[in-house]
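Written below as C-alpha cells is the structure these notes are about.
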Amino acid sequence: MIIPKLFSVFFLQLVCVHLLVLNGANAQALKEGFYKSKCPSFEAIVKNTTASFISQAPSLAPALLRMHFHDCFVRGCDGSVLINSTSSNQAEKDAIPNQTIRGFQVIDAVKSAVEKKCRSLVSCADIVALVARDAVTLINGPSWSVPLGRRDGRVSISSEALANLPPPFFNITQLKASFRSKGLNDKDLAVLSGGHTIGISHCSSFSNRLYNFTGRGDTDPSLDPNYIVQLKKKCSPGDANSIVEMDPGSAKIFDTSYYSIVKKRRGLFEADAALLNDNVTRAYVQLQANSGGSNFFKDFADSMVKMGKIGVLTGNSGEIRKICSAIN
Ligand code: HEM
Ligand SMILES: *[C@@H]1O[C@H](CO)[C@@H](O)[C@H](O)[C@H]1NC(C)=O
Ligand SMILES: *[C@@H]1O[C@H](CO)[C@@H](O)[C@H](O)[C@H]1NC(C)=O
Ligand SMILES: *[C@@H]1O[C@H](CO)[C@@H](O)[C@H](O)[C@H]1NC(C)=O
Ligand SMILES: *[C@@H]1O[C@H](CO)[C@@H](O)[C@H](O)[C@H]1NC(C)=O
Ligand SMILES: *[C@@H]1O[C@H](CO)[C@@H](O)[C@H](O)[C@H]1NC(C)=O
Ligand SMILES: CC(=O)N[C@H]1CO[C@H](CO)[C@@H](O)[C@@H]1O
C-alpha cells in the first residue's frame, strides 16, 4: 500500500508543478497597445472598417456590442461565438440565444484587412472586443482603451451558450448569480444592462409578458399596462419575427434613456424590470434616470473592460485563428 501511496503523492506534486508552470506561461495580463509594435495599424483598421459598415447600417452597432457580451459569457472572450458549426459539432452560433446575433461580416472584413497587413498576429477575440468598443463610440457612446492580447479558443459548443447566457425571463436573483459566476458584481449588472439603450428585440423574447404570463392568459403585472397595449400592436399573439426597439425613439443612440424606461416600468424584458427588485441595482436605475444621469459613460467603460477580461486565453494558450469562423 505504501508504494502506490508514495507514488500518488509524487504524481500529484508533479501535476501541481506542471500546472504552476503552465499557469506561469499563460498568466499574462491583457494590455493596452498590445499590437503597437507587432501590428501598428490594427486599431486604425478596426475603426475604419467598423465605421464604414455602421455608416451604411447603423443597426449593426448594437448587434456588435451584443456579440462581445455573448462571446465573453461563454468560455470567456475567446472568439468562440464566431465559430461555424461542422458536421461533427454544433457551435454556439447555432444555440437558441444566438439565432439573432448579427454582424459577423464586420468581423470577417476586419480580419481579412488585418491579415493583409499582419499575418496571423491578431486574434479574432481581440477584434470582437475592439469592434464592440468602436461600435458604441460611433453612435455617441463612450470610448475606452481596450486591453488586448486575447488568444482564440478552439472550442465552441451550442449547449454552453444556452447554459451560460442569461435568458430574458431571469429574475434578479438569477441575474446576479449569472453575473457573479463571471466575476461581475451587482453594479456591473446594472451598468451593463444599460447596453439595452440601443438595439432591437424580436417579439418572441418578451411576448409571454403580453399574452400568457403565468399560463392563464394574463399579462406581466410588472410591465406598464399602457405600454402593454402599445406592444401588443407590434407583436400579435404567436408573432415571433417582428422586431421592436428596446429604447423606443432613441434605440440608435447610446445614452442613459434605458434607465428612464426601466424606472417607468417599460423595460422590455423581465430581466430589465428585475433591476428594480434589488436595492443596489434599483438605486443605480434611479440615479441614471435623473436628468442627464451620473457617470454612466465612465461606469459603462469600466464594466466593459472588466467583462472583456472574462476567462481570456493569453500567452501560449489557444491560437491566432486564420479565419474567424473556423479553428485552424
Ligand atoms: C443582463 C442580462 C441580459 C439579458 C437577459 C439580455 C437579453 C437580451 C435579449 C433577449 C435581446 C433581444 C434578442 C432578440 O430578440 O433579438 C437582447 C438584445 C441586446 N442585448 Fe442583451 N441581455 C443581457 C445583457 C446584455 C449585456 C451585458 C449587453 C452588452 C453590454 C447587452 C446588449 C444587447 C444589445 C445591444 C442588444 C440589441 C441587439 C440588436 O439590436 O441586434 N445585453 N438582450
Ligand atoms: C481608412 O479608410 C480610408 C478611406 O477608405 C483609407 O484612405 C485609409 O487608408 C484607411 N486607413 C486604414 C488604417 O485602413
Ligand atoms: C428566482 O427564480 C428562482 C428559480 O425559478 C426561484 O427559485 C427564486 O425564488 C426566484 N427569486 C425571486 C426573487 O423571484
Ligand atoms: C397559455 O399557457 C397555458 C399553459 O402553458 C396553455 O395551456 C395555454 O394554451 C396558453 N394559452 C395561449 C392562448 O397560448
Ligand atoms: C433594501 O432596502 C430596504 C428598504 O430600504 C431594507 O429594508 C432592506 O433591508 C434592504 N435590503 C438589503 C438586502 O439591503
Ligand atoms: C461560416 O458560415 C458563414 C455563413 O454561413 C460563411 O459565410 C463562412 O464562409 C463560413 N466559414 C467557413 C470557414 O466555412
Ligand atoms: C447567426 C447564426 O448563426 N444563427 C443560427 C442560430 O441557430 C439557428 C439554429 O438554432 C440557425 O438556424 C441560425 O443560422
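Throughout, numbering of the chain's residues begins at 1 and tracks the sequence. Just so you know, ligand 1 is whichever comes first in the structure, and atom 1 is the first atom listed for that ligand. None of the values given here were measured: they were computed from a predicted structure.
Ranking the protein heavy atoms by distance from atom 15 (O) of ligand 1 puts S205 OG, 2.6 Å first. Of the protein's non-hydrogen atoms, the one nearest atom 36 (C) of ligand 1 is M246 CE, 3.4 Å. Protein heavy atom at the shortest distance from atom 30 (C) of ligand 1 is L192 O, 3.5 Å. What sits closest to atom 29 (C) of ligand 1 on the protein, heavy atoms only, is L65 CG, 3.8 Å.
When heavy-atom distances to ligand 1 are checked against a 4.0 Å cut-off, F206 has no atom that comes that close, whether in backbone or side chain. When non-hydrogen atoms are compared, ligand 1 lies under 4.0 Å from the backbone of P62 as well as from its side chain. With a 4.0 Å heavy-atom cut-off, ligand 1 is reached by no atom of H68. By the criterion of a heavy-atom distance under 4.0 Å, the side chain of A271, and not its backbone, is placed next to ligand 1.
Closer than 4.0 angstrom to ligand 4 lie heavy atoms from N212, G215.
The shortest non-hydrogen separation linking E92 to S156 is N-OG, 3.0 Å.
In the vicinity of T173, heavy-atom distances shorter than 4.0 Å reach the ligand 3 atoms 11 (N), 12 (C), 13 (C). Those atoms of ligand 1 that come under 4.0 Å of a heavy atom in H202, given as number and element, are 14 (C), 15 (O), 16 (O). Residue T100 has at least one heavy-atom neighbour below 4.0 Å for each of these atoms of ligand 1: 13 (C), 14 (C), 16 (O). For ligand 1 and P167, the ligand atoms under 4.0 Å from any heavy atom of the residue are 5 (C). Interface of R102 with ligand 1, defined as ligand atoms under 4.0 Å from a residue heavy atom, comprises 39 (C), 40 (O), 41 (O). When each atom of ligand 1 is checked for a heavy atom of P166 under 4.0 Å away, the hits are 2 (C), 4 (C), 5 (C).
Here the CG-OG1 distance, from N140 to T197, works out to 11.0 Å after rounding to the nearest 0.5 Å. With rounding to the nearest 0.5 angstrom, the CG atom of D299 is 7.5 Å from the OG atom of S294. One finds the CG atom of D126 at 11.5 Å from the CG atom of L121 (value rounded to the nearest 0.5 Å). Taken from CG in L192 to CG in L175, the straight-line distance is 12.0 Å, to the nearest 0.5 Å.
Every residue two or more places apart in sequence or in another chain that forms a side chain to side chain donor-acceptor pair (under 3.5 Å) with T214 is listed here: R216, D218. S325 pairs by the side chain to side chain contact (heavy atoms under 4.5 Å, CB included) definition with N84, K93, I323, not counting sequence neighbours.
Taking a cutoff of 4.0 Å between a charged side-chain nitrogen and a carboxylate oxygen, E115 and K322 do not qualify as a salt bridge. Contact check on K176 versus D278 returns a salt bridge, with a Lys/Arg side-chain nitrogen under 4.0 Å from an Asp/Glu carboxylate oxygen. Classification of R265 and D224 as a salt-bridged pair fails, no side-chain N sitting under 4.0 Å from a carboxylate O. Between D186 and R180 there is a salt bridge, since a side-chain N of the basic residue sits under 4.0 Å from a carboxylate O of the acidic one.
Remark: ligand 1 and I200 share an N or O pair separated by less than 3.5 Å (distance only, no angle test). When only interatomic distances are considered, the shortest N/O to N/O separation between S59 and ligand 1 does not fall below 3.5 Å.
Within 6.0 Å of NZ on K232 lie more than 12 heavy atoms contributed by other residues, nucleotides or ligands. Counting heavy atoms of neighbouring residues, nucleotides and ligands inside a 6.0 Å radius, atom CG of N328 exceeds 12 of them.
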Go through the steps for F179 and F73 under the test ring-ring contact (aromatic ring centres under 6.0 Å, His included), then give the verdict. CA-CA 9 Å; F179 273 59; F73 264 55; 5.0 Å; yes
Step-by-step salt bridge (Lys or Arg N to Asp or Glu O under 4.0 Å) determination, D302 to K298: CA-CA 6 Å; D302 290 347; K298 168 79 167 63; 2.7 Å; yes
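Ring centroids of F42 and F34 are separated by 6.0 Å or more, keeping the two rings apart.
Only protein atoms were considered; those of element N, O or S under 2.8 Å from atom 21 (Fe) of ligand 1 number 1.
By the 30° and 60° cut-offs, the orientation of the rings of F296 relative to F254 is parallel.
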